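Accompanying notes for the structure given below.
Values in this document were obtained by computation on a predicted structure and should not be read as measured data. Throughout, a chain's letter reflects where its sequence line sits, starting with A, and its residues are numbered from 1.
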There are 2 protein chains.
Amino acid sequence: MAEGQSGESLLFLTDEQLRQGIEAMFFAYRGFTADPDRILATMAYGRAHHRAIHFIARSPGTTVNNLLNILGVTKQSLNRVLRTLIEDGLVESRQGTTDRRERHLHLTEAGAALERKLSDAQRARMRAAYRAAGPEAVAGFRQVLEAMMDPEMRRKYHAIREAET
Amino acid sequence: MAEGQSGESLLFLTDEQLRQGIEAMFFAYRGFTADPDRILATMAYGRAHHRAIHFIARSPGTTVNNLLNILGVTKQSLNRVLRTLIEDGLVESRQGTTDRRERHLHLTEAGAALERKLSDAQRARMRAAYRAAGPEAVAGFRQVLEAMMDPEMRRKYHAIREAET
DNA sequence: AGAATATGTCAGCCTTGTTGACATTCCAAG
DNA sequence: CTTGGAATGTCAACAAGGCTGACATATTCT
């Protein structure tokens, strides 16, 4: 420690501090995905299915293209996941009314049930972490995460909330 | 921290708040890995190589088993990565002196150069995010991340720092 | 009519994770 | 000194989930 130099206002920007932040992200993300991963492992699903289910639940009726933009994968990759979810009756794909080229995605009852199960597990950990750290820490957490995003991702991150009714 | 039952002290624990935190983690992690990923893509390496290089740089002379515990993958998976790094002359594997079964891992000059390149890119983003959010936000960020880790991961996270020197 | 858009699909490749089986080397306990 | 177990390495096979490229089909826009 003791990076003396000038005041302590820059202390949190030393390479060592940044490195600790990097490692904290690495280890925390493992925890972040651990609970849903355990649930998914018991079925024939993976993290990719979880992500699709999450964002369909979040924006019911979203189009394939929209989901593609949010997830940042190729349509082939997403399609493989969506196909299994539709075949298994967790997701419903409805042809658009105004533009019939589009497919609007919705969770079925079974899909919503799985979403709840995954979401509950993930939120439980988040809730425990928030509770342990306190409201002010949470505010800082959110600020740093947002600053870490690519600008387009930040847009999408906000767009999801705005799209909500 | 004021677990005040009613009132706004619980507002940050609503499902919607938690969900936003979850999405923030998702989008932020994408940004977090984006810069190193771009560099790695130009070589024949991936994120797994980055992780190995990072923790070897962090704890020079660490054993394969130790690295296995930190990374949380199978030895076969790690071995495949290590083998290419050793073949390419980025990592050196030295037989232990006291226990000659162990292999102690070190970065070569070339390995250290790549580590620096990847690390610089990742730290630059981290530094920008820290700077934008401010020291108090950073403290909160770290608190929440730490609370989100699995206990064993938290141990390892701290152990890395203690092992230093 | 023709261009552009939204979606789906086939085929093939890569990275990175998994299991299982097995060899080698070495430490340590009997 | 022998043997059991630990640490490591290696081979083979497989799966998830990324990727690219090519191509098909509707549908909509110009």
Side-chain angles (χ1 to χ4, degrees), chain A residues 26 29-30 33-34 36-56 61-88 91-106, chain B residues 26 29-30 33-34 36-56 61-88 91-106:
Chain A
F26 172 69
Y29 200 77
R30 287 258 290 276
T33 57
D37 280 357
R38 257 188 296 273
I39 295 171
L40 292 158
T42 69
M43 320 179 201
Y45 297 135
R47 224 175 267 180
H49 299 84
H50 183 192
R51 291 196 282 263
I53 288 174
H54 175 99
F55 286 107
I56 293 171
T62 186
T63 65
V64 172
N65 226 3
N66 186 27
L67 202 50
L68 236 37
N69 280 324
I70 288 172
L71 296 176
V73 298
T74 60
K75 62 173 180 173
Q76 292 92 328
S77 217
L78 175 59
N79 198 254
R80 178 167 38 196
V81 166
L82 279 183
R83 203 188 318 154
T84 69
L85 291 175
I86 291 168
E87 280 170 4
D88 295 354
V91 168
E92 205 183 340
S93 172
R94 302 185 198 148
Q95 193 172 42
T97 50
T98 63
D99 186 337
R100 283 184 300 180
R101 287 171 305 180
E102 295 179 341
R103 299 302 140 98
H104 298 271
L105 304 167
H106 298 263
Chain B
F26 173 70
Y29 200 77
R30 287 258 291 275
T33 57
D37 280 357
R38 257 189 296 274
I39 295 171
L40 292 158
T42 68
M43 320 181 201
Y45 296 136
R47 223 175 268 181
H49 299 84
H50 182 192
R51 290 196 283 263
I53 288 174
H54 174 99
F55 286 107
I56 293 172
T62 187
T63 64
V64 172
N65 222 12
N66 186 27
L67 204 51
L68 236 38
N69 279 324
I70 289 172
L71 297 177
V73 298
T74 59
K75 62 175 178 173
Q76 292 91 332
S77 214
L78 175 59
N79 197 254
R80 178 168 38 200
V81 167
L82 280 181
R83 201 188 320 151
T84 69
L85 291 175
I86 291 169
E87 279 169 5
D88 296 355
V91 167
E92 204 183 339
S93 170
R94 301 185 198 148
Q95 195 173 40
T97 50
T98 63
D99 185 338
R100 284 185 298 182
R101 286 170 303 182
E102 295 179 341
R103 301 301 141 100
H104 297 271
L105 304 168
H106 299 263

To the nearest angstrom, the CD-C1' distance between A/Glu87 and C/dT9 comes to 13 Å

To the nearest angstrom, the CZ-C1' distance between A/Arg94 and C/dT7 comes to 18 Å

Hits for side chain to side chain contact (heavy atoms under 4.5 Å, CB included) against B/Arg30, two or more places apart or cross-chain, chain-then-number order -> A/Met153, B/Phe26

**Asked** Do B/Asp37 and B/Leu40 pass the side-chain contact (heavy atoms from CB on, under 4.5 Å) test, and can you show the C-alpha distance, the side-chain angles, and the key distance before you say yes or no?
**Response** CA-CA 5 Å; B/Asp37 280 357; B/Leu40 292 158; 4.3 Å; yes

Next item on the list: Would you tell me if any nitrogen or oxygen in the side chain of A/Asn65 comes within less than 4.0 Å of OP1 or OP2 on C/dT7?
Entry: yes

| field | Candidate pair B/Tyr45 and B/Asp88, rule side-chain contact (heavy atoms from CB on, under 4.5 Å), full reasoning | value | CA-CA 11 Å; B/Tyr45 296 136; B/Asp88 296 355; 2.4 Å; yes

In terms of heavy-atom contacts, A/Ala52 and A/Val81 come closest through CB-CG1, 4.2 Å

When rounded to whole Å, the CG to P distance for the pair A/Leu67 and C/dT7 reads 10 Å

Does a side-chain N or O of A/Arg83 approach OP1 or OP2 of C/dT9 to a distance below 4.0 Å, or not?
yes

Separation of C/dT16 atom P from B/Leu82 atom CG, nearest Å, is 12 Å

For nucleotides 13-22 of chain D, 5' to 3', base contacts (B), sugar-phosphate-only contacts (S) and non-contacts (-) with protein non-hydrogen atoms under 4.0 Å give ----BBBBBB

Rounded to whole Å, the CG-P distance (A/Leu40 to C/dT18) equals 16 Å

Smallest heavy-atom separation, A/Ser93 atom then A/Arg103 atom, equals OG-CB, 3.4 Å

Applying side-chain hydrogen bond (donor to acceptor under 3.5 Å, both in side chains) to A/His50 and not counting sequence neighbours gives none

In short, side chain to side chain donor-acceptor pair (under 3.5 Å) pairs touching residues 64-79 of chain B with sequence neighbours left out are B/Thr62-B/Asn66

Rounded to whole Å, CG of A/Asn79 lies from P of C/dA6 at a distance of 16 Å

The side-chain hydrogen bond (donor to acceptor under 3.5 Å, both in side chains) partners of A/Thr33 (sequence neighbours excluded) come to A/Arg47

With sugar-phosphate taken as primed atoms, P, OP1 and OP2 and all else as base, the protein-contact string of nucleotides 25-30 of chain D at under 4.0 Å (heavy atoms; B, S, -) is -BBS--

Shortest non-hydrogen pair, A/Gln95 vs A/His104, comes out as C-CD2, 4.3 Å

